[in-house]
Amino acid sequence: SHHPRHPKKMVRKGYGYRNRTRELFSKVGPRDLDGISKYITTFKRGDFVDVNCNPSVQKGLPFKFYHGKTGQVVNITPHGVTVRISKEVTSRIQKKLICTRFEHVRLSACQNEFYLRVKQNEARRKAGEKRNKRFPATPQNEKFIRTKRRVRKVGFSKYSFYEHYKL
């Protein structure tokens with residue numbers, strides 16, 4: 001029954017579309033379908049979305065590489081969306097278009113801080129504030145940290161390169 005060149009039956013490594021996705025596409029919690037909120041979410045062109053594959057819906061499932069990636073909606077069809085995602089290929093970044101169903105995408109929160117800052121800037125402008133620059137956070141004040149052995153003072157001290165290396 002065996003071929004003469006293959007005396008033992010070996011299991012070949014799988015290269016299928018969904019290979020090595022046992023943990024990647026597994027769901028935590030109940031295995032039922034998602035609620036109605038997935039289906040009533042409206043997407044617009046330019047929205048940022050996270051690709052989050054839902055294994056209970058096999059239709060329109062994106063390739064495993066795109067799971068967890070964030071992209072921008074380019075086109076909307078009756079049952080799905082086209083998303084533009086950046087993919088690093090060797091030394092360059094390519095823009096990839098994936099067509100997927102609504103069940104596999106959700107609105108991203110990546111722009112929330114930006115939109116909040118825009119609102120704050122508008123409020124400042126209306127209040128008559130001229131200066132509208134962002135500055136890095138200042139260092140925290142020094143403080144004492146109590147450990148079991150001793151009390152240590154933690155804070156910033158002036159660092160001199162010349163003193164350190166005795167030049």
Side-chain angles (χ1 to χ4, degrees), residues 6 8-127 129-141 143 145 147 154-156:
H6 303 287
K8 290 182 183 175
K9 250 190 174 170
M10 301 287 284
V11 178
R12 275 182 54 205
K13 181 180 163 191
Y15 292 98
Y17 193 73
R18 288 183 69 165
N19 74 322
R20 298 182 194 144
T21 58
R22 185 180 202 155
E23 270 81 36
L24 187 70
F25 287 167
S26 64
K27 290 181 91 171
V28 179
R31 298 279 193 275
D32 57 348
L33 291 168
D34 292 330
I36 195 74
S37 63
K38 271 267 197 223
Y39 298 94
I40 61 172
T41 306
T42 55
F43 295 98
K44 296 185 288 266
R45 280 197 189 104
D47 281 349
F48 284 89
V49 291
D50 296 328
V51 177
N52 188 24
C53 300
N54 184 357
S56 56
V57 180
Q58 285 83 30
K59 276 190 171 184
L61 189 73
F63 184 63
K64 63 184 177 183
F65 168 82
Y66 300 105
H67 179 74
K69 301 283 188 280
T70 302
Q72 209 168 5
V73 174
V74 178
N75 188 27
I76 299 162
T77 61
H79 295 288
V81 290
T82 304
V83 182
R84 184 190 300 119
I85 296 177
S86 299
K87 181 179 183 180
E88 191 176 337
V89 181
T90 59
S91 62
R92 65 194 187 283
I93 294 175
Q94 282 187 343
K95 299 289 185 187
K96 297 282 191 176
L97 294 176
I98 61 163
C99 300
T100 179
R101 286 176 79 97
F102 292 120
E103 291 91 345
H104 306 295
V105 293
R106 63 176 177 216
L107 287 171
S108 179
C110 67
Q111 295 281 79
N112 287 359
E113 287 181 18
F114 170 71
Y115 292 138
L116 183 69
R117 202 166 64 243
V118 167
K119 283 181 185 175
Q120 288 172 349
N121 290 346
E122 287 297 321
R124 283 188 191 137
R125 198 172 290 125
K126 284 180 184 174
E129 224 177 283
K130 290 181 182 177
R131 205 161 177 202
N132 199 14
K133 284 188 176 179
R134 287 188 293 158
F135 295 101
T138 56
Q140 295 177 352
N141 294 332
K143 56 189 171 189
I145 295 178
T147 59
V154 176
F156 288 95

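Sequence positions, counted from 1, serve as the residue numbers for this chain. Just so we're clear, the structure is a prediction, and the values are computed from it rather than from any experiment. What you see below is based on every heavy atom in this structure, not just the backbone, and it leaves out hydrogens, waters and symmetry mates.
- Within the structure, side-chain hydrogen bond (donor to acceptor under 3.5 Å, both in side chains) contacts touching residues 104-120 (residues at least two apart or in different chains) are Asp50-Ser108.
- Side-chain contact between Thr70 and Val49 is absent, with no heavy atoms from C-beta onward closer than 4.5 Å.
- Side-chain atoms of Thr77 come within 3.5 Å of backbone N or O of Gly80 as a donor-acceptor pair.
- Minimum heavy-atom separation, Thr42 to Asp47: O-OD2, 4.3 Å.
- Evaluation of the salt bridge (Lys or Arg N to Asp or Glu O under 4.0 Å) rule for Arg125 yields Glu122 as partners, not counting sequence neighbours.
- Judged as a ring pair (Phe, Tyr, Trp, His ring centres under 6.0 Å), not a single pair has a partner in residues 71-91 (not counting sequence neighbours).
- Partners of Lys13 by side chain to side chain contact (heavy atoms under 4.5 Å, CB included), not counting sequence neighbours, listed by chain and number: Tyr15, Arg20.
- Of all non-hydrogen atoms in Lys27 and Ser56, the two that sit nearest each other are NZ-OG, 3.4 Å.
- One N or O on the side chain of Arg45 and one on the backbone of Val74 form a donor-acceptor pair closer than 3.5 Å.
- Listed by first and then second residue, the salt bridge (Lys or Arg N to Asp or Glu O under 4.0 Å) pairs involving residues 87-103 are Arg101-Glu103 (not counting sequence neighbours).
- Contact annotation: the side chain of Val51 never approaches that of Thr100 to less than 4.5 Å [non-hydrogen atoms, C-beta and beyond].
- Between Phe102 and Pro78, the closest heavy-atom pair is CE1-O, 3.6 Å.
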Identify all side-chain donor-acceptor contacts of residues 59-68 below 3.5 Å with residues at least two apart in sequence or on another chain.
unit_1, atom_1, unit_2, atom_2, d
Lys64, NZ, Asn19, O, 2.9
Lys64, NZ, Asn19, OD1, 2.8
His67, ND1, Cys53, N, 3.0

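- Pro55 and Arg18 make their closest contact through CB-NH2, 4.2 Å (heavy atoms, listed as atom of the first residue, atom of the second, distance).
- Summarising the geometry of Ile85 relative to Gly71, their closest heavy-atom pair is CG1-CA, 4.0 Å, with the distance given to 0.1 Å.
- Under the side-chain hydrogen bond (donor to acceptor under 3.5 Å, both in side chains) criterion, Lys38 pairs with no residue at all, not counting sequence neighbours.
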